[in-house]
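First up is the structure itself, then whatever we jot down about it.
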Amino acid sequence: MSDHLDGLSARQDPSLDISDVYLFRGQSGTVFVINVNPLSGTEGFHPEALYEFNVDTNGDGIADIALRAMFLPPDSTGNQALVLREVTGPYAPDRYAPGHIVAHGRTNENITGPTGFKLFAGSAGDPFYIEGNVVTAVRTAVMNGSKLDLSAYDPNKATNLFGNSNVSAIVLEIPDSFFGSSSTIGFWGSVAVPTDAPGGWRQIDRAANPLVSTLYGFNEGDEYNAAPTEDDLAQYGEKIATMTARVVAANGTAEDPDKYGAAVRDILMPDELHYRVGSSAFFGVDRRNGRGLTENTPEAMFHIVLNRAVDMGLDASSATGTLRTKFPYVSKPVANG
């Protein structure tokens, strides 16, 4: 699970649980995707939550642009009214900052705002795919600092754990002119809900690089999901470096485990997807530039963390549904998802 069923609080309400985020080139701009409601059998968005597209333009782990979607409760048809607000500059991290509306409409409709922003929010096939026995084996090795044991995996019976399932997707396409043609950005998605606690908002979940929370055990609690991205290196960098060094040492896949652990830490922290605007997305072992919808990111992440190839026996054809060539790009929902 890339970020599926992540964290204690997010599991209590799947509409607050980010399964994956994506960042890639669309037909007319840069496409951002936040998926929630993994494997829940439900659809829709929490009417009190903020669904946040956070964009870092200078690499400091702090949002310089925040695009926040909010939803009303479902009407008699099951659809929800929604609004997307943009907040920029020093006010971007402030969840109380009103910003200005860039798009509004209803779920399950393609929306185009006055400045060319395209927005879709609704049910879609889950583009993520992973083999359950393989991810369990990799996670066990990383958590225990032990040799990888794939004895429970039968390549002839490889199965997508999330096959034939739907998610609730928020898809945003931003015109090229908004960022500039050669800009490099960082992106993470987050979900926050109102509370009476100091600060007024509680961050329930966040996601960027696939499988980080799963492989390193951050999904066993709420601390990682609630933490600000700019603190990632200080709070979680040492743990990632140490756990990576232990597992590559146990598997004999790095001449200098400590050096390799530090290199992986620097790849994953702060937890953002990095992307050069206007270019083709690619998430691989040696190069990462955004993330396409049906890329084999689990195998890339397994290789990065273990410093060895791990084959799941799955590929893009294992994903649920068929991607659309035009906005909103995600597949239509499947009947039994």
Next on the checklist: My understanding is that a hydrophobic cluster links ILVMFWY residues whose side chain heavy atoms are under 4.5 Å apart, including indirect links. Using that, what else belongs to the cluster containing Ile62?
Outcome noted: none
Next on the checklist: List the residues meeting salt bridge (Lys or Arg N to Asp or Glu O under 4.0 Å) with Arg106, not counting sequence neighbours, and say none if there are none.
Outcome noted: Asp75
Item to check | Ring-ring centroid check Phe187 Phe32, cutoff 6.0 Å | outcome: yes
Checklist entry - Under the ring-ring contact (aromatic ring centres under 6.0 Å, His included) test, which residues partner Phe117, sequence neighbours left out? => result Phe178
Checklist entry - Does Thr294 use its side chain to pair, donor to acceptor, with the backbone of Pro127 at less than 3.5 Å? => result no
Item to check | Qualifying residues under ring-ring contact (aromatic ring centres under 6.0 Å, His included), relative to Phe24, sequence neighbours excluded | outcome: Tyr329
Checklist entry - For residues 229-283, which residue pairs qualify under ring pair (Phe, Tyr, Trp, His ring centres under 6.0 Å), counting only residues two or more places apart or in two chains? => result Phe218-Tyr236, Tyr224-Tyr236
Checklist outcome for this item: Residues pairing under salt bridge (Lys or Arg N to Asp or Glu O under 4.0 Å) where one sits in residues 311-332, two or more places apart or in two chains, turn out to be none
Item to check | Arg291 side chain reached by Thr297 side chain, heavy atoms, under 4.5 Å | outcome: yes
Next on the checklist: Quick test of your reading: applying salt bridge (Lys or Arg N to Asp or Glu O under 4.0 Å), list the pairs with at least one residue in residues 223-245, sequence neighbours left out, ordered by first then second residue.
Outcome noted: Arg206-Asp232
Checklist entry - How would you list all residue pairs meeting salt bridge (Lys or Arg N to Asp or Glu O under 4.0 Å) that involve residues 133-153, not counting sequence neighbours? => result Arg139-Glu220
Next on the checklist: Per the salt bridge (Lys or Arg N to Asp or Glu O under 4.0 Å) rule, what does the pair list look like for residues 159-174, sequence neighbours excluded?
Outcome noted: none
Distance-only donor-acceptor pairs under 3.5 Å for side chains of residues 247-255, two or more places apart:
unit_1, atom_1, unit_2, atom_2, d
Asn251, OD1, Leu148, N, 2.8
Asn251, ND2, Ser146, O, 3.1
Asn251, ND2, Val247, O, 2.8
Thr253, OG1, Leu306, O, 2.7

Checklist entry - Quick one: side chain to side chain contact (heavy atoms under 4.5 Å, CB included) partners of Ala81, sequence neighbours excluded? => result Leu72
Checklist entry - Can you pull the side chain to side chain donor-acceptor pair (under 3.5 Å) pairs that have at least one residue in residues 50-74, sequence neighbours excluded? => result Glu52-Arg68, Glu52-Arg95, Glu52-Ser190, Asn54-Ser190, Thr57-Asp64
Next on the checklist: Can a donor-acceptor pair be found, under 3.5 Å and without considering hydrogens, that links the side chain of Thr159 to the backbone of Lys157?
Outcome noted: yes
Item to check | Polar side-chain atom of Asn160 near backbone of Leu314 as donor-acceptor pair, under 3.5 Å | outcome: no
Item to check | Inter-residue atom distance Thr30.OG1 - Leu172.CG, 0.5 Å rounding | outcome: 9.5 Å
